[in-house]
Amino acid sequence: MKKIISLLLLSGIFATQLSAQKHDDDKSKRPSPPATTTQKIKSGATITISYSQASVKGRTIGKDLEPMDGKVWRTGANEATIFETDKDLTVNGMALPAGKYGLFTLFQGDNVSVIFNKTWDQWGAFSYKMEDDALRVTVKSSEAKPAAEKLNFSISTKGEVTMLWGNKKVSFKVQ
């Protein structure tokens, strides 16, 4: 009898674990849910940016919330942000082959390094390796007006990629 009760108890625990795991797999239930923006630009390339949409929630960027000055940021929450292009591009005039990249940023004051890393399938920036960078371009950040409560990316048909996050605005050109 004790064996049957133990077996039923273990089965119940196992079923609860499976149910919890299934719920965890639903990324839309996360505090920073997934978001995607896709645009076909004038040159004919289709650009897709997939990211987790973090929220400021009254916190201070650079103090309580990423990006921290001088530290590589996954440019979103959860998994690293993914930048994908179906054709070769130039980013601010520098070549980037067609493919999928982890999109990272490195803020240093108003200067921002936009980093396209060959390792796109990773959690956060914990596994980031500089030697896997395909391209880095440096741009200036400006003040977002109004401030964006949620991280947001947009891509214009002219190839202007813009990230808004709190009071930060970062843009670069793809062709």
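Below, all heavy atoms of this structure are taken into account, side chains as well, without hydrogens, waters or symmetry copies.
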Audit row: T37, T48, side chain to side chain contact (heavy atoms under 4.5 Å, CB included) steps and yes/no
CA-CA 6 Å; T37 185; T48 301; over 6 Å; no
Check against side chain to side chain contact (heavy atoms under 4.5 Å, CB included), V56 and L65:
CA-CA 8 Å; V56 176; L65 195 58; 4.3 Å; yes
Kindly determine whether W73 and K71 satisfy side chain to side chain contact (heavy atoms under 4.5 Å, CB included), including the steps that lead there.
CA-CA 6 Å; W73 178 44; K71 291 182 76 178; over 6 Å; no
List the steps, then state whether side chain to side chain contact (heavy atoms under 4.5 Å, CB included) holds for T157 with Q39.
CA-CA 7 Å; T157 56; Q39 181 67 54; 3.1 Å; yes
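Across all their heavy atoms, T81 and R74 have their closest contact at OG1-O, 3.2 Å. Closest approach of A77 and S52 over heavy atoms only: O-CB, 3.0 Å. For I41 against G159, the heavy-atom pair with the smallest separation is CG2-CA, 3.8 Å. G76 and L151 make their closest contact through CA-CD2, 3.4 Å (heavy atoms, listed as atom of the first residue, atom of the second, distance).
Under the 4.5 Å side-chain heavy-atom criterion for Ile, Leu, Val, Met, Phe, Trp and Tyr, I49 and V72 are members of distinct hydrophobic clusters. V161 and V114 fall within the same hydrophobic cluster, defined by Ile, Leu, Val, Met, Phe, Trp and Tyr side-chain heavy atoms under 4.5 Å apart, directly or through other members. A continuous path of ILVMFWY side-chain contacts below 4.5 Å connects V174 to Y51, so both sit in one hydrophobic cluster.
Applying the side chain to side chain donor-acceptor pair (under 3.5 Å) test to every pair with at least one member in residues 158-175, sequence neighbours left out, gives these pairs: T162-S171. Pairs of residues two or more places apart, or lying in two chains, that qualify as side chain to side chain donor-acceptor pair (under 3.5 Å) and include a residue from residues 129-145 are N111-K140, N117-D133, T119-D132, Y128-D133, Y128-R136, D133-R136. Sorted pairs that involve residues 86-95 and meet side chain to side chain donor-acceptor pair (under 3.5 Å), not counting sequence neighbours, are lacking altogether.
Residues forming a ring-ring contact (aromatic ring centres under 6.0 Å, His included) with F116 (at least two apart in sequence, or on another chain): F83, F172. Residues meeting the salt bridge (charged side-chain N to carboxylate O under 4.0 Å, His left out) test with E84, sequence neighbours left out: none.
Rounding to the nearest 0.5 angstrom, the gap separating the CE atom in M163 from the CG atom in N152 is 10.0 Å. The distance from the CG atom of D121 to the CD1 atom of I82 is 6.5 Å, given to the nearest 0.5 Å. Expressed to the nearest 0.5 Å, how far CZ of F153 lies from CG of L164 amounts to 9.5 Å.
The closest side-chain heavy-atom distance from T38 to I47 is not below 4.5 Å.
With a 6.0 Å radius and a threshold of 12 heavy atoms from other residues, nucleotides or ligands, M68 has its CE atom above the threshold.
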Which donor-acceptor pairs under 3.5 Å do side chains of residues 93-107 form with protein atoms, sequence neighbours excluded?
residue	atom	partner	partner atom	Å
Y101	OH	P97	O	2.7
T105	OG1	T75	OG1	2.9

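Of the possible polar contacts, none joining the E149 side chain to the S55 backbone as a donor-acceptor pair under 3.5 Å is found.
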